[in-house]
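Here the structure is a predicted model, which is why all the values come from computation and not from measurement. When a ligand or atom number is given, it counts from 1 through the structure's own listing order.
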Amino acid sequence: MDVRDTLYINGQWVASTGEGVLEVVDSTTEEVLATIPNGSVDDVDRAVKAASEAFPAWAAKSRDERVALVTKIGEHLAMRMEKIGELISHEVGMPMGLSVPVQAGLPVGAFTDLAQHVAEFTWEEEIGNSLVIREPIGVVGAITPWNYPLYQIALKVAPALVTGCTVVLKPSEVAPLNAFELAEVIDEVGLPAGVFNLVTGVGPIVGEAIAAHPLVDAVSFTGSTRAGKRVMQVGAETVKRVNLELGGKSANIILEDADIATAVGTGVFACFLNSGQTCSALTRMIVPRSKLAEVEEVAAAAAAGFPAGDPFGEGVMVGPLVSAVQRDRVRGFIQTGIDEGAKLLIGGPDAPEGLEKGFFIQPTVFSEVTADMTIAREEIFGPVLSIIPVDSEEEAIAVANDSPYGLAGSVWSGDPAHAEDVARQIRTGQVDINGGPFNVSAPFGGYKQSGNGRERGKFGLDEFLETKSLQR
Ligand code: NDP
């Protein structure tokens, strides 16, 4: 078992003043993998003061110098990719074959690709007699979730550092070990003391202390809509900037003229990736009623191809859920789907055969789901797909938009221009057209209650900048 008994504050590994420790549990074996400090309000205060003191000198460095250091962080993370992928497979349950490129590879890219985005960004512009300049906002509090733990961290820490901000990070208590790897790397590459600080602990204590601290200028939060609302309320007291990347219930609209086999097959995996624990998962498949029988057949066959299994097993694509809490929650939603009258095509609330230990769930597909059912409305965060039949394209668009969320989506049509026209009518931050691939540089974020910021690429720099006008 790994014992992490220090926090990274002001360039030093120091003891926490918090009481007790937090246990990190292996999602497959249910055994305790590690313990971490249960940080305190006092730890946050020390970290924020260190970040505040480090800010002027860090902001005064040239952008090139900061870009070079941030790129080096990515290069050093790359040397640990296998280890980080493995750690996250234990913590979160994503199969190793995916975890190394996704959970470890994407964060590496978030650090190493920044030079290009910094070069593309407009740092100064003339407007009439004004010179408009962009300056770092100051001390950034980063609060992150467990599902893509290091990537969510990297999407905040890398752009914050490059713009000249200093950072206090509170990672998820459920999957925090990768954050310790990052702190070690940052120590290795020699970032000045106080520029990056790590405080582990629980959201209501460490997270709220960050959101409340008067010396924190901006909070960048990724997580549930529930916790995001709380962070916004707490941050309002000091009128700090609060950027939120929250949950989703994304729609996959398959139109009459789409290639059903490809659209449905791709859509099933887009729902099941990371055991459905993806904020942008396409969990509502909206299909023409006339095609329902064909859709059901393809969906059930595709889902049968992704049985849950040991994330370290050969060829496994769907592992366990992250925790017992999450497993029980998802099972509850599956039972609710059955109780409310949805048609269960494959899966169900019981543990998959032979996988009673570990937080496993059967990948599940429901059909004949109506837009008012619980499973069509709530973010389940598990491998549960709802197929919703509709009678027209207008109804498909209306159902897609009938959600408090607005994070992602997808449209399939034999006519790409028509698919694009439909995509423009969907009120979400991203829409994939005919399986358009994931783009790490495209802005990502939500409409409505899915949040209010944009991360990634050059758009991800904005979150950490103030704007100043000089009149001449
Ligand atoms: P949570 O909201 O439970 O936790 C996210 C982070 O917030 C954790 O670090 C958590 O601490 C902390 N937190 C919890 N309560 C508070 C509080 N009162 N004040 C301050 N911080 C708090 O989300 P999960 O970790 O369960 O992640 C899943 C959610 O994240 C899903 O809803 C998902 O959709 C969303 N998400 C959104 C993404 C996006 O980009 N839009 C990307 C990935 C996930 P603790 O360690 O104690 O849990």
Does the distance from a Lys or Arg side-chain N to an Asp or Glu carboxylate O, for [X] and [Y], drop under 4.0 Å?
X      : Y      : value
Asp402 : Arg377 : yes
Glu208 : Arg230 : yes
Arg454 : Glu463 : no
Arg80  : Glu188 : yes
Arg4   : Glu184 : yes

Would you check whether [X] has a nitrogen or oxygen atom less than 3.5 angstrom from a nitrogen or oxygen atom of ligand 1?
X      : answer
Val202 : no
Ile143 : no
Asn147 : no

- Query: Measuring from the heavy atoms of Gln277, does anything fall under 4.0 Å of ligand 1?
  - Reply: no

Should Ala211 be listed as contacting ligand 1, given a heavy-atom distance under 4.0 Å as the test?
no

Contact bool for atom 4 (O) of ligand 1 (protein heavy atom, d < 4.0 Å): no

Backbone, side chain, both or neither: what part of [X] comes under 4.0 angstrom of ligand 1, heavy atoms only?
X      : answer
Glu455 : neither
Leu246 : backbone
Val234 : neither
Glu208 : both
Phe381 : side chain

- Measure centre to centre between the rings of Phe196 and Trp58, then say whether the value is under 6.0 Å. no

Filtering Gly451, Gly228, Ala227 for the heavy atom nearest atom 15 (N) of ligand 1 leaves Ala227

- Message: Both conditions, 6.0 Å and 45 degrees, for the charged tip of Arg456 above the ring of Phe444: are they met here?
- Response: yes

Atom 46 (O) of ligand 1: closest protein heavy atom, distance to 0.1 Å, is Glu173 N, 2.7 Å

